[in-house]
Amino acid sequence: MKFSARSLFANALTGHKNWPEQFPDKEPEKQYDVIIVGAGGHGLGAAYYLAKKYGIRNVAVIEKGWLGGGNTGRNTTVIRSNYLYDESAAIYDHSVDLWDGLSQELNYNTMFSKRGVLMLAHNIHDVQSFQRHIHANRLNGVDNQWLSREDCKAFLPILDISERPHYPVLGGALQMRAGTARHDSVAWGYARAASQIGVDIIQNCAVTGIRRSKDGAVTGVETEKGFIKANKIAVSAAGHSAVVMAMAGLRFPLESYPLQALVSEPVKPVMPCVVMSNAVHAYISQSDKGELVIGAGTDQYTSYSQRGALHILEHTLMSICELFPIFKRMRMLRSWAGIVDVTPDRSPILGKTPIEGLYVNCGWGTGGFKATPGAADLLAYTIAHDEPHKINAPFNLDRFTGGRLIDEAAAAAVAH
Ligand code: FAD
Ligand code: PYC
């Protein structure tokens, strides 16, 4: 049996043993109270809150790769809550609130930095849409303000506000409480804290099936290493949620797409905030190490391949250079992709399923990193109480049959 260097390192850090030492038999008798499928920030965070807030410690998080190796470790860390609808304001703002104290809560520096997120408007439709968002946000107590073209330049001097670019800047919406964090620290922080209070994290162990009793309730998961029993199972397997839910016989309204990002060589501080532009399919920030962190829109075709199309990156870099001519000679160090699962209304699905004992957290699409502490907290609540919290109740699966969609396409901020 082989283990990657990363997973051995992960185990060393969390004090966890690998599967064979933990479960010498192929068919362990171990019965967990809760199994969470997927050791991303959401799954690990839910395990932490189950143990910490509700005293449910007999929990296993089962991961096919290494912890934090999915989208949690691949994203560009934009955290904001400037969504349009009341339901979204409540769920994303709950998360931003939790980000605030997370480093202290976990005793692990998540490097949350409220440097502001500026969303650029390039046409009259953008202007109207962003101003509508600003009004809606304010009514919900979420900070967001309109900047004129000149205000944008004053806030971000390297921005080209001339008529030269294909998409001239007409203004922008700025949320100052928004910002960035360090992506994998969230997974590590939750993993260490959960592990310290009794949660098992089992890596290199893909879930391959969900077993159900004759009356339909879940009884456990089939994995590459054998069957593991539990009467409650939560699936938090971003990008692959539809595949895992199909194991229980459920069809989910999700499509999976590659989403790409890249980073440059490090340079001295030059970007004071995050800048996003849905119209040009590009966004950019600067990490504390000095690298420019640049993200693209999703690929145009569905795929589970963790690499995206080159022309998407070319288009993104072209747009970045138009908005910021100063970056034309920067060299890019690396690029990568993650698989995001997208719902028809671009809002997540977080709650119970029609199957007894089966819970789901998926469909965060291009925007679930910001939601990590909030989604984790609400998933733990839903599992512990066997009913959703009022914040996630609107995000249930049956909104797609009942028609109560929460259409956040315009607030997604990343081109799909
Ligand atoms: P993940 O971290 O993906 O964890 C899910 C885990 O499930 C994975 O580790 C996977 O291996 C595991 N898994 C899957 N199938 C199985 C199985 N059968 N058995 C066991 N385990 C399984 N969001 C933002 O808010 N801001 C951003 O700036 C942002 N930028 C992004 C940039 C990129 C390039 C990408 C790809 C995504 C971005 N996102 C962003 C989205 C964000 O990354 C995700 O929504 C979020 O990280 C999802 O977290 P998670 O814990 O649910 O999923
Ligand atoms: O949801 O803010 C976001 C985001 C930024 C980059 C990718 N997603």
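The structure displayed is predicted, hence computed values, not measured ones. Atoms considered below: every heavy atom in the structure, side chains included; atoms not considered: hydrogens, waters and symmetry mates. For ligands, and for the atoms within them, numbers begin at 1 and follow the listed sequence.
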Could an N or O of ligand 1 be found under 3.5 Å from any N or O of [X], whether backbone or side chain?
{"X": "Ala371", "result": "no"}
{"X": "His240", "result": "no"}
{"X": "Gly41", "result": "yes"}
{"X": "Phe369", "result": "yes"}
{"X": "Val244", "result": "no"}
{"X": "Gln260", "result": "no"}

Just go through [options] and tell me whose heavy atom is the nearest to [atom].
{"atom": "atom 2 (O) of ligand 1", "options": "Val37, Val293, Thr72", "answer": "Thr72"}
{"atom": "atom 41 (C) of ligand 1", "options": "Thr366, Asp184, Asn71, Leu379", "answer": "Thr366"}
{"atom": "atom 5 (C) of ligand 1", "options": "Gly70, Ser236, Gly338", "answer": "Ser236"}

Those atoms of ligand 1 less than 4.0 Å from some heavy atom in [X]:
{"X": "Ala206", "value": "19 (N)"}
{"X": "Arg74", "value": "33 (C), 34 (C)"}
{"X": "Ile62", "value": "20 (C), 21 (N)"}
{"X": "Lys370", "value": "24 (C), 25 (O)"}

Q: Answer yes or no for Gly239: is there a heavy-atom contact with ligand 1 below 4.0 Å?
A: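 So Gly239 does not count as touching ligand 1.
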Q.
So is Gly365 touching ligand 1 or not, going by heavy atoms under 4.0 Å?
A. yes
(Q) For a quick check under 3.5 Å, do Ser241 and Asp341 share a side-chain donor-acceptor pair by atom type? (A)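 Their side chains do contain a donor-acceptor pair, which is all the 3.5 Å distance test asks for.
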Q | Neighbour count above 12 (heavy atom, 6.0 Å) for Phe327 CZ | A |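 Enclosed: over 12 neighbouring heavy atoms sit under 6.0 Å from CZ of Phe327.
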(Q) By the definition side-chain contact (heavy atoms from CB on, under 4.5 Å), identify the one residue from Leu358, Thr219, Ile355 that meets it with Arg212. (A)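 It is Ile355, the one option of Leu358, Thr219, Ile355 that forms the side-chain contact (heavy atoms from CB on, under 4.5 Å) with Arg212.
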Q. Quick one: are Trp336 and Gln260 in side-chain contact, heavy atoms under 4.5 Å?
A.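 Side chain of Trp336 against side chain of Gln260, heavy atoms only: no contact under 4.5 Å found.
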Q. What class does the angle between the rings of His389 and Tyr381 fall in, given that below 30° is parallel, 30 to 60° is tilted and above 60° is perpendicular?
A.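 Rings of His389 and Tyr381: perpendicular, as their planes differ by over 60°.
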Q | Distance filter under 4.0 Å to Lys370 heavy atoms, resulting ligand 2 atoms | A |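 Under 4.0 Å from Lys370, ligand 2 has these atoms: 1 (O), 2 (O), 3 (C).
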Q: Locate the shortest heavy-atom distance separating Ser277 from Val280; write the atom from each residue and the value.
A: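 Nearest heavy atoms, Ser277 then Val280: OG-CG2, 3.1 Å.
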**Q.** Ring-face cation of Arg192 near Tyr108 (centre distance under 6.0 Å, axis angle within 45°)
**A.** no
Q.
Please list the nearest protein heavy atom to atom 5 (C) of ligand 2 with its residue and the distance rounded to 0.1 Å.
A.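 Looking at atom 5 (C) of ligand 2, the protein heavy atom closest to it is Met276 CE, 3.2 Å.
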Side chain, backbone, both or neither: which part of [X] comes within less than 4.0 Å of ligand 1 when only heavy atoms are counted?
{"X": "Thr77", "value": "backbone"}
{"X": "Tyr92", "value": "neither"}
{"X": "Thr223", "value": "neither"}

Q) Looking at the rings of Tyr92 and Trp364, which for Trp means the six-membered one, are their centres under 6.0 Å apart? A) yes
Q: Taking the six-membered ring for Trp and the single ring otherwise, decide whether the centroids of Tyr83 and His133 are under 6.0 Å apart.
A: no
Q: Specify side chain, backbone, both or neither for Tyr283, according to which of its non-hydrogen atoms lie closer than 4.0 Å to ligand 2.
A: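 It is the side chain that touches ligand 2; the backbone stays farther off.
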